[in-house]
Amino acid sequence: SQKIEQNSEALNIQEGKTATLTCNYTNYSPAYLQWYRQDPGRGPVFLLLIRENEKEKRKERLKVTFDTTLKQSLFHITASQPADSATYLCALDHNQGGKLIFGQGTELSVKP
Amino acid sequence: ETGVTQTPRHLVMGMTNKKSLKCEQHLGHNAMYWYKQSAKKPLELMFVYSLEERVENNSVPSRFSPECPNSSHLFLHLHTLQPEDSALYLCASSQDFPGGLGEAFFGQGTRLTVV
């Protein structure tokens with residue numbers, strides 16, 4: 001069956017450290033993968049997109065990797081700050097048709 | 001502010017009521033979506049509209065009825081809902097569907113409680 005799995009447990013880290021979140025998928029062949037941030041009671045906000053032929057993408061303190069052999073994406077936040085505390089969602093396109101399917105999200109908490 | 005506006009933000013309705021959720025986008029996008037988000041569950045795609053035509057219906061119960069009168073507006077009509085339908089309902093839009101790479105812009109959601 002098709003699955004998208006993210007770290008189910010909340011991730012707690014100290015301010016200034018690097019947070020690494022994992023997204024694994026099964027029985028999909030996505031052309032791209034996206035990461036979103038969601039704060040409580042609000043809609044997700046787009047952060048980064050990485051295509052299947054890209055290994056790594058960066059945006060300010062964010063870095064995403066995409067390994068189509070392992071069927072995995074890693075999302076890194078360097079020099080983390082308490083304001084980075086939120087739930088982070090990965091999403092991939094289903095059947096390369098532009099329809100996004102989401103993982104359940106990982107809750108990140110950055111302590112001062 | 002993402003450019004996608006949902007109303008109302010909160011809705012409490014009885015199981016015999018009929019209500020509608022509204023979504024509006026002025027981003028010039030050609031695709032609109034309804035997602036359902038329940039506690040501790042992934043976002044569930046309910047309906048997809050591309051150029052005002054429904055292209056996807058993920059086996060959603062008939063008590064949910066979408067309507068897309070034009071590319072800027074999307075409605076979700078609700079009737080005879082069940083308590084398990086209580087959730088956050090999110091509308092999103094994107095450009096370049098199908099086959100596109102468009103990021104999804106989400107509204108703030110409607111928190112629905114069925115009593």
Side-chain angles (χ1 to χ4, degrees), chain A residues 1-10 21-26 28-54 57 59 62 64 66 86-107, chain B residues 1-10 21 23-25 27 29-51 54-58 87-113:
Chain A
S1 63
Q2 295 174 314
K3 287 192 298 186
I4 305 174
E5 293 181 307
Q6 298 185 243
N7 316 60
S8 56
E9 300 198 4
L21 285 67
T22 304
C23 177
N24 295 297
Y25 59 92
T26 308
Y28 285 107
S29 297
Y32 59 87
L33 192 144
Q34 301 183 12
W35 284 88
Y36 289 78
R37 168 183 173 142
Q38 186 174 23
D39 291 287
R42 303 177 79 90
V45 176
F46 172 80
L47 296 175
L48 278 170
L49 177 151
I50 186 165
R51 303 173 193 224
E52 60 178 335
N53 61 351
E54 296 176 314
K57 202 78 165 284
K59 179 182 175 182
L62 309 181
V64 173
F66 194 10
T87 296
Y88 291 85
L89 308 170
C90 71
L92 51 78
D93 70 304
H94 181 44
N95 293 335
Q96 305 197 1
K99 183 178 66 178
L100 286 178
I101 306 297
F102 284 82
Q104 80 274 27
T106 297
E107 186 178 347
Chain B
E1 188 61 53
T2 63
V4 179
T5 304
Q6 287 187 244
T7 53
R9 290 293 308 279
H10 302 273
L21 310 185
C23 177
E24 190 171 348
Q25 61 95 3
L27 300 170
H29 290 167
N30 57 11
M32 295 187 79
Y33 311 81
W34 281 116
Y35 282 89
K36 174 184 177 182
Q37 188 173 36
S38 304
K40 304 298 182 186
K41 285 187 173 182
L43 274 77
E44 298 172 48
L45 181 62
M46 299 175 73
F47 300 103
V48 180
Y49 277 83
S50 173
L51 299 173
R54 189 193 304 179
V55 297
E56 186 77 30
N57 173 358
N58 279 0
L88 181 68
Y89 288 83
L90 290 160
C91 171
S93 70
S94 69
Q95 183 60 335
D96 300 325
F97 178 90
L101 302 177
E103 70 197 69
F105 288 75
F106 283 86
Q108 299 282 47
T110 295
R111 173 66 63 186
L112 173 68
T113 303

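Per chain, numbering begins at 1; letters A, B, ... match sequence-line order. Computed from a predicted model, the values in this text were never measured in an experiment. Hydrogens, waters and symmetry mates are skipped; everything else that's a heavy atom, side chains included, is used.
- For A/Q6, no part lies near chain B; criterion is any non-hydrogen pair under 4.5 Å.
- Side-chain contact between B/N30 and B/Q95 is present, with at least one heavy-atom pair separated by less than 4.5 Å.
- When each of B/F106, B/Y89, B/F47 is paired with B/Y35, the ring pair (Phe, Tyr, Trp, His ring centres under 6.0 Å) condition holds for B/F106 and for no other.
- Contacts between B/Q37 and chain A at a heavy-atom distance below 4.5 Å involve the side chain alone, from C-beta outward.
- Side-chain contact between A/I101 and A/Y25 is absent, with no heavy atoms from C-beta onward closer than 4.5 Å.
- Among the candidates A/G41, A/A91, A/G43, A/P44, the residue making the largest number of heavy-atom pairs closer than 4.5 Å to chain B is A/P44.
- Annotation: side chain of B/S38 is not in contact with side chain of B/L88 (no heavy-atom distance under 4.5 Å).
- Only the side chain of A/L89 comes within less than 4.5 Å of a heavy atom in chain B; its backbone stays farther off.
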